[in-house]
Amino acid sequence: MNIASRLGTLAIFGALLAACGSSSAAPPLPTPQPVAHGEPPASGMSMSMSMSMSDSRTPLPLTAMMAAHQKQEMRDHLKVVQEVVAALASNDFDTIAKSAARIGWSDQEAAMCKHMGAGAPGFAEVGENFHRTADTIADAARRKDRDGVVTALGATLQTCTGCHDKYRQEIVEDAAFEKASGGAPAMDPSCP
């Protein structure tokens, strides 16, 4: 690997670290209290209720199926980041553009963001911003702009960490989702 490639790789990791480390709004994690196996917390609450109450992020009400779907989508987002970083190592701009397109803006992604975020004000806009920001990765790759790809990837990761800093999944029953979302059905036919 030549010096220019090494410097480029260091720039990528620097951008990734900056994106992940620049969010100082995350509250400190609570110190876990020892609990005997199978014993609920002293207050009589379940462990998950106790942990939810100590997490000051905005709850994102989702049914169990919706939450699993969202987690699957986020894992694919991470795969895209992995693919982009690997392709940057060999200046494979076609692969970068193709991978980034999987997380880019589309009407289908917008519909999914609106549906998933129907019960949490502002969530849909944050999700839509993520997909629009991800488009800038593919744009830079099509220009064969390595520094632009790194900058766009850093900005996209910043939207990820910002969302995780602000929102947390809260598993609810279908009726509770419909109530929180103002009547949106838990199963949205427009979402895959």
Side-chain angles (χ1 to χ4, degrees), residues 16 19-82 99-135 155-192:
L16 292 173
C20 292
S22 66
S23 178
S24 61
L29 294 174
T31 304
Q33 300 300 317
V35 176
H37 179 70
E39 182 181 317
S43 66
M45 284 189 254
S46 72
M47 184 63 75
S48 63
M49 285 175 62
S50 176
M51 291 185 72
S52 290
M53 291 181 69
S54 67
D55 188 340
S56 63
R57 295 177 295 161
T58 301
L60 174 64
L62 299 169
T63 65
M65 187 183 331
M66 292 169 72
H69 176 76
Q70 186 184 52
K71 286 179 181 178
Q72 180 182 350
E73 289 290 309
M74 287 187 282
R75 283 191 296 272
D76 188 58
H77 297 352
L78 286 173
K79 286 180 184 174
V80 167
V81 169
Q82 179 185 19
S99 293
R102 287 205 329 261
I103 59 174
W105 170 262
S106 70
D107 289 338
Q108 183 179 3
E109 289 293 347
M112 192 175 346
C113 289
K114 283 179 178 51
H115 180 68
M116 293 283 194
F123 180 83
E125 293 79 10
V126 170
E128 291 173 28
N129 183 54
F130 163 78
H131 294 291
R132 290 186 189 282
T133 304
D135 281 339
T156 302
L157 287 169
Q158 180 97 36
T159 67
C160 293
T161 57
C163 185
H164 285 275
D165 282 347
K166 184 169 183 170
Y167 296 98
R168 64 176 168 82
Q169 287 185 338
E170 181 175 80
I171 308 299
V172 298
E173 298 296 326
D174 287 7
F177 174 80
E178 290 175 14
K179 182 178 179 183
S181 66
M187 294 300 297
D188 182 359
S190 68
C191 292

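We use all heavy atoms of the structure for the numbers below, so side chains are in, but hydrogens, waters and symmetry mates are not.
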Peer 1: Measuring only between side-chain heavy atoms, which start at C-beta, is F130 closer than 4.5 Å to C163?
Peer 2: no
Peer 1: Output all residues satisfying side-chain contact (heavy atoms from CB on, under 4.5 Å) with A184, sequence neighbours left out; order by chain, then residue number.
Peer 2: A118, F177, S181
Peer 1: Restricting to side-chain hydrogen bond (donor to acceptor under 3.5 Å, both in side chains), what partner residues turn up for E178, sequence neighbours left out?
Peer 2: none
Peer 1: Give every residue pair that meets the salt bridge (charged side-chain N to carboxylate O under 4.0 Å, His left out) criterion with at least one member in residues 60-72, sequence neighbours excluded.
Peer 2: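 Every pair satisfying salt bridge (charged side-chain N to carboxylate O under 4.0 Å, His left out) with a residue in residues 60-72: there are none.
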Peer 1: Between V172 and L62, is any pair of side-chain heavy atoms under 4.5 Å apart?
Peer 2: no
Peer 1: Taking only residues two or more places apart in sequence, or in another chain, which ones meet H131 in a ring pair (Phe, Tyr, Trp, His ring centres under 6.0 Å)?
Peer 2: H77
Peer 1: Write out all pairs satisfying salt bridge (charged side-chain N to carboxylate O under 4.0 Å, His left out) with one or both partners inside residues 107-121, taking only residues at least two apart or from two chains.
Peer 2: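 Listed by first then second residue: K114-E128.
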Peer 1: Would you compute the distance between atom CG of D174 and atom NZ of K179 and round it to the nearest 0.5 angstrom?
Peer 2: 15.0 Å
Peer 1: Let me see the working for L60 and Q70 under side-chain contact (heavy atoms from CB on, under 4.5 Å), right down to the final yes or no.
Peer 2: CA-CA 11 Å; L60 174 64; Q70 186 184 52; 3.5 Å; yes
Peer 1: Shortest non-hydrogen contact from G104 to D135?
Peer 2: CA-OD1, 3.1 Å
Peer 1: Do any side-chain atoms of residues 120-127 form donor-acceptor pairs under 3.5 angstrom with protein atoms, and if so which ones, sequence neighbours left out?
Peer 2:
none

Peer 1: Quick one: does R57's side chain have a donor or acceptor within less than 3.5 Å of a partner on H164's backbone?
Peer 2: yes
Peer 1: Search all heavy atoms of A67 against all heavy atoms of I171 and return the closest pair with its distance.
Peer 2: CB-CD1, 3.2 Å
Peer 1: Please say whether more than 12 non-hydrogen atoms of neighbouring residues, nucleotides or ligands are located less than 6.0 Å from CE in M65.
Peer 2: no
Peer 1: Under the side-chain contact (heavy atoms from CB on, under 4.5 Å) test, which residues partner V80, sequence neighbours left out?
Peer 2: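 Here the qualifying residues are D76, V84, S99, R102, I103.
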Peer 1: For the CD atom of Q169 and the CG atom of D55, what is their distance to the nearest 0.5 Å?
Peer 2: 11.5 Å
Peer 1: Quick one, E73 with M116, criterion side-chain contact (heavy atoms from CB on, under 4.5 Å). Give me CA distance, side-chain angles, the key distance, then yes/no.
Peer 2: CA-CA 12 Å; E73 289 290 309; M116 293 283 194; over 6 Å; no
